[in-house]
There are 2 protein chains.
Amino acid sequence: MKPAAPATEARQNLTVEDWARAALDTMAGGGLDAVAVEPLARQLGVTKGSFYWHFANREALLRAALELWERRETADVLARVGDEADPYERIVKVFKEANAGYRSGRLYLAIAAAEDHPLVSEFVRRVSERRMAYLVECYEALGFDPARAQHWARFAYATFMGNLQIRRDTPQLMPTGAPFNEYLKLMIKTLIPRDGLERPPAVS
Amino acid sequence: MKPAAPATEARQNLTVEDWARAALDTMAGGGLDAVAVEPLARQLGVTKGSFYWHFANREALLRAALELWERRETADVLARVGDEADPYERIVKVFKEANAGYRSGRLYLAIAAAEDHPLVSEFVRRVSERRMAYLVECYEALGFDPARAQHWARFAYATFMGNLQIRRDTPQLMPTGAPFNEYLKLMIKTLIPRDGLERPPAVS
DNA sequence: CTTGCTGCGTACGCTGGCGTATGGATAGAG
DNA sequence: CTCTATCCATACGCCAGCGTACGCAGCAAG
């Protein structure tokens, strides 16, 4: 009935997740449109015959890939820094992770670039909202009132999204080594104001 | 010889720039891959026959479109705020323009998403470098030393690139009306520190 | 050994977009 | 009026990718 564990493991027997992983890799490189069935099959060493056994059509592959992506984004990224007690350090970790994990960032940009696709926009929205909500929580845990936490979270999120963009489009404008650490320190120092609680600036 | 001014103007006689404009519009909506010859021709009310008279191939259209884009970005965007005397107000204007001109932002994101294309990456690099250089000049005019101007300019640039991304991918996370003005004010206040000169923070 | 299911290969038709060849219409030059 | 250059239409071949039909090997149950 069910093979469960491949006995000899000589038989490769591709799974749905294998295809989804390959699709995400291709996306990170050439965008959503680059995810084509036949090239992907060639890359995996099989033919379309395999693909259309596992999936109904290309749309189903995209769905599987996006679901895998969403799971990675929520479970992995957020859970890794979730066990940090200090909310300040949580934000710092998010920032450093965002600037270190370049592959993940490229993938986000590639997926988000296809927001005209209805399926994609759905996933992007959920992932982005979840990230923002996490940041908002962090800022609220720092003592910010909801409105200001919203603003600062959006501010911070925008900043490291922009850093991703800069790193991808114009890498030469993004420093490395010591200057980068200075830059990172500057952003963290600026985006996590310690005095945000006792001195509510008189906006309006 | 040269029609110069169309006498009756009944004859539309598409120009290279007409095609380039249409290509940019299509790009802003569906990305670079969406710029196809035949659909574009249909949209303009002609056939491929017209296209291949004006252009050698699709690549030539992309080049013309990107050149038009670069001209717009440099001449228009930068020249409009260039006549502002106060460097502080210049940065503020850039920020407000960046958050108001949504169409321009969408176009940038769409073009930058195709950085794997060698021709595109070339133009994106030039445009980005030019924008960054402008911001660096502004910060230096405010009294920042070159290194800090670089950092703050990159910081500010990343922030409004990220705002574009948020506005495109998750519009519901971007406030409108009064809350947006608060948000804008917060970013401006934060990204243009008045005390950046007399109090060089002890970084390293 | 046979039966049936699993996982994949092969071959086909179809569509959409690229590029080319060539013809046709129009307007201005002479 | 004729001629020519300009601008576009029509028609074709080509290819890549999607989806389908069907075939085939392997393996496990009976």
Side-chain angles (χ1 to χ4, degrees), chain A residues 1-23 25-27 29-66 114 116-120, chain B residues 1-23 25-27 29-66 114 116-120:
Chain A
M1 273 293 182
K2 53 172 183 172
T8 63
E9 106 173 9
R11 187 162 187 79
Q12 48 182 358
N13 269 7
L14 294 179
T15 72
V16 167
E17 205 172 306
D18 290 329
W19 285 95
R21 256 193 297 270
D25 287 351
T26 305
M27 260 187 225
L32 190 102
D33 296 331
V35 179
V37 174
E38 283 157 316
L40 217 63
R42 281 194 293 271
Q43 182 189 325
L44 289 175
V46 292
T47 66
K48 299 195 301 182
S50 173
F51 177 85
Y52 283 99
W53 192 91
H54 293 286
F55 301 93
N57 47 27
R58 181 175 176 271
E59 193 77 6
L61 169 64
L62 295 182
R63 191 183 309 273
L66 289 171
D116 42 295
H117 197 297
L119 187 60
V120 171
Chain B
M1 274 292 182
K2 53 172 181 171
T8 64
E9 106 175 10
R11 185 164 189 78
Q12 45 182 357
N13 269 5
L14 294 178
T15 71
V16 167
E17 205 173 308
D18 291 328
W19 285 95
R21 257 193 296 270
D25 287 350
T26 304
M27 260 189 226
L32 190 102
D33 296 330
V35 179
V37 174
E38 282 157 315
L40 217 63
R42 281 194 293 270
Q43 181 188 326
L44 289 174
V46 292
T47 65
K48 299 194 304 183
S50 172
F51 177 86
Y52 285 100
W53 192 90
H54 294 285
F55 300 93
N57 47 29
R58 180 174 177 272
E59 191 78 8
L61 169 64
L62 294 182
R63 192 183 309 272
L66 290 170
D116 43 295
H117 196 297
L119 187 60
V120 171

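Reminder, nothing fancy here: chain letters follow the sequence lines and each chain counts from 1.
- Atom pair B:Arg58:CZ and C:dT20:P shows a separation of 15 Å (rounding to whole Å applied).
- Residue A:Ser50 has its side chain nearest to C:dC8 when only C:dC8, D:dC18, D:dC8 are considered.
- Between B:Leu40 atom CG and C:dG16 atom C1' there is a gap of 15 Å when expressed in whole angstrom units.
- In the set D:dA9, C:dG9, D:dC18, D:dC18 carries the atom at the smallest distance from any side-chain atom of A:Ala36.
- For B:Leu44 and D:dC8, the CG to C1' distance is 13 Å, given to the nearest whole Å.
- The CH2 atom of A:Trp19 sits 10 Å away from the C1' atom of C:dC8 (whole-angstrom rounding).
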Dump every N/O contact between nucleotides 10-16 of chain D and the protein below 3.5 Å, one line per pair.
none

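- Here C:dT10 presents its C1' atom at 19 Å from CH2 of A:Trp53, a figure rounded to the nearest Å.
- Taking atom CZ of B:Phe55 as the reference point, atom C1' of D:dC7 lies 14 Å away to the nearest angstrom.
- Per the geometry, CG belonging to A:Asn13 stands 5 Å off P belonging to C:dC8, to the nearest Å.
- Counting heavy atoms from C-beta outward, B:Tyr52 and B:Val37 have side chains that approach closer than 4.5 Å.
- For the pair B:Asp18 (side chain) and B:Thr15 (backbone), a donor-acceptor distance under 3.5 Å is present.
- In this structure, A:Phe55 and A:Trp19 have perpendicular ring planes: the angle between them is above 60°, well past the 30° mark.
- Between B:Glu17 and B:Arg21, at least one side-chain N (NZ, or NE/NH1/NH2) sits under 4.0 Å from a carboxylate O, which counts as a salt bridge.
- For C:dT6, neither phosphate oxygen OP1 nor OP2 lies less than 4.0 angstrom from any side-chain nitrogen or oxygen of A:His54.
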